[in-house]
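Scope of the values below: all heavy atoms of this structure, side chains included, with no hydrogens, waters or symmetry mates.
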Amino acid sequence: MSSTSARPVSSPSDVTMGLALMFLSVMFSPLIDIFAKLAVVTIPSAEITAGRFAVQALCMLPIVIWRRSFADFSWRQSLFHAIRGAIITISMISFVTTLKYMAVADAIAIFFVEPIIVTILGGIILKETIGWRRYTACGVGFFGAMLIIQPSFNEVGYIALLPVLSALCIAIFVLMTRVLSHKEDPWAMQFQMGIWGLIFCAVLLLAGDGSGSDIFDPVMPAGSAWFHVAGVGAMAAIAGIFGVYAYRAAPASTLAPLQYFEIVSATIFAWLVFGDFPDAIKWLGIMIIIASGIYILWRERRFASKPVSDTSEVTLAP
């Protein structure tokens, strides 16, 4: 896997803009999951995921045409884009399925082991130097995740592990995206991700038609379900573009800690919409995950010659 070119030094105004855009991204990202939780009551997970990708691609299409971004497509990288599409599809279906049984804040908190997984995979796959302190922080972060997973596991069983699978998929997605994030137009990348994701979802839904599965057997949405599915796609498109441009304006090592605010905003939205609020043990787990993640990012920024996430496109919301 080839590395991307070094990021140019960002000016103070660029960093400020990047921080503002990342703040908007993490404010919109939980709304993806709020709409998904509302939709998954009556709509299979794979169908919601397909709806997300369809709306996301439709939102991108006029802009891609207007910007003539088709010229920036890496057609030679079609297989690469297809693999990214498959990975993001698995991640999304796993996370949406989780939302049917778990509170939004709990699922998102578990998902935020993703930066920890990126660090570990960066050391194993990309041979990046990871010291014992960061590996220790990774272990502490997983302990925090277990504080949330354990009571959830007692309540919903193996479903509680799906956010970890989703996080693993996103971690792989981020590492793969490093190759393309500064070589292609972000609108074109978002559009291609939506198209490939939609293709994979269509295959899964065709295979699952008539199976009775609440994950893969498609149904005809009724009433507000149309709005909920459309909301998933619209929020994903908005949050994704804000995130991409944030990372193009400022270094990831500066922006990444702000992503953890998504847990807070998700908790607020989930409390307002569903009345869900984490208990004391889950809050302890959330704080441990946040602390370990920020420590890892701090160590990367201070000591690593090239942090794991500095060339990633964006840590995508599930």
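With Asp276 contributing its side chain and Trp271 its backbone, the two residues share no donor-acceptor pair below 3.5 Å. The backbone N or O of Val26 lies less than 3.5 Å from a partner atom in the side chain of Ser265, making a donor-acceptor pair.
The hydrophobic side chain of Val55 is isolated, with no ILVMFWY side chain under 4.5 Å apart from it.
Looking at residues two or more places apart in sequence or on another chain, you find no ring pair (Phe, Tyr, Trp, His ring centres under 6.0 Å) involving Phe53. Legend: residues meeting side chain to side chain donor-acceptor pair (under 3.5 Å) with Thr97, ordered by chain and number and at least two apart, are Ser45. Residues passing the side chain to side chain donor-acceptor pair (under 3.5 Å) test with Lys37, sequence neighbours excluded: none. Looking at residues two or more places apart in sequence or on another chain, you find no ring pair (Phe, Tyr, Trp, His ring centres under 6.0 Å) involving Tyr101. Here Asp209 pairs with nothing under the side chain to side chain donor-acceptor pair (under 3.5 Å) rule; sequence neighbours left out.
Here the rule is side chain to side chain contact (heavy atoms under 4.5 Å, CB included) with Val104, and of Asp33, Thr267, Thr98, Val273 only Asp33 fits it.
Interatomic distance, Leu162 CG to Ile90 CD1, rounded to the nearest 0.5 Å: 12.0 Å. For the atom pair CG (Asp106) and CG (Asp279), the distance works out to 7.5 Å, reported to the nearest 0.5 Å. For the atom pair CG of Leu165 and CD1 of Ile110, the computed distance is 12.5 Å after rounding to the nearest 0.5 Å.
Taking the six-membered ring where tryptophan is involved, the planes of Phe242 and Phe28 are tilted, since the angle between them lies from 30° to 60°.
Considering every non-hydrogen atom in both Pro163 and Ala107, the closest pair reads CB-O, 3.7 Å. Annotation for Ala167 and Val113: closest pair CB-CG2, 3.9 Å, computed over non-hydrogen atoms. Here the shortest heavy-atom pairing between Glu47 and Pro218 reads OE1-CA, 3.3 Å. Between Met27 and Phe269, the shortest heavy-atom contact is O-CE1, 3.4 Å.
Between Ile88 and Ile170, some side-chain heavy-atom pair lies under the 4.5 Å cut-off.
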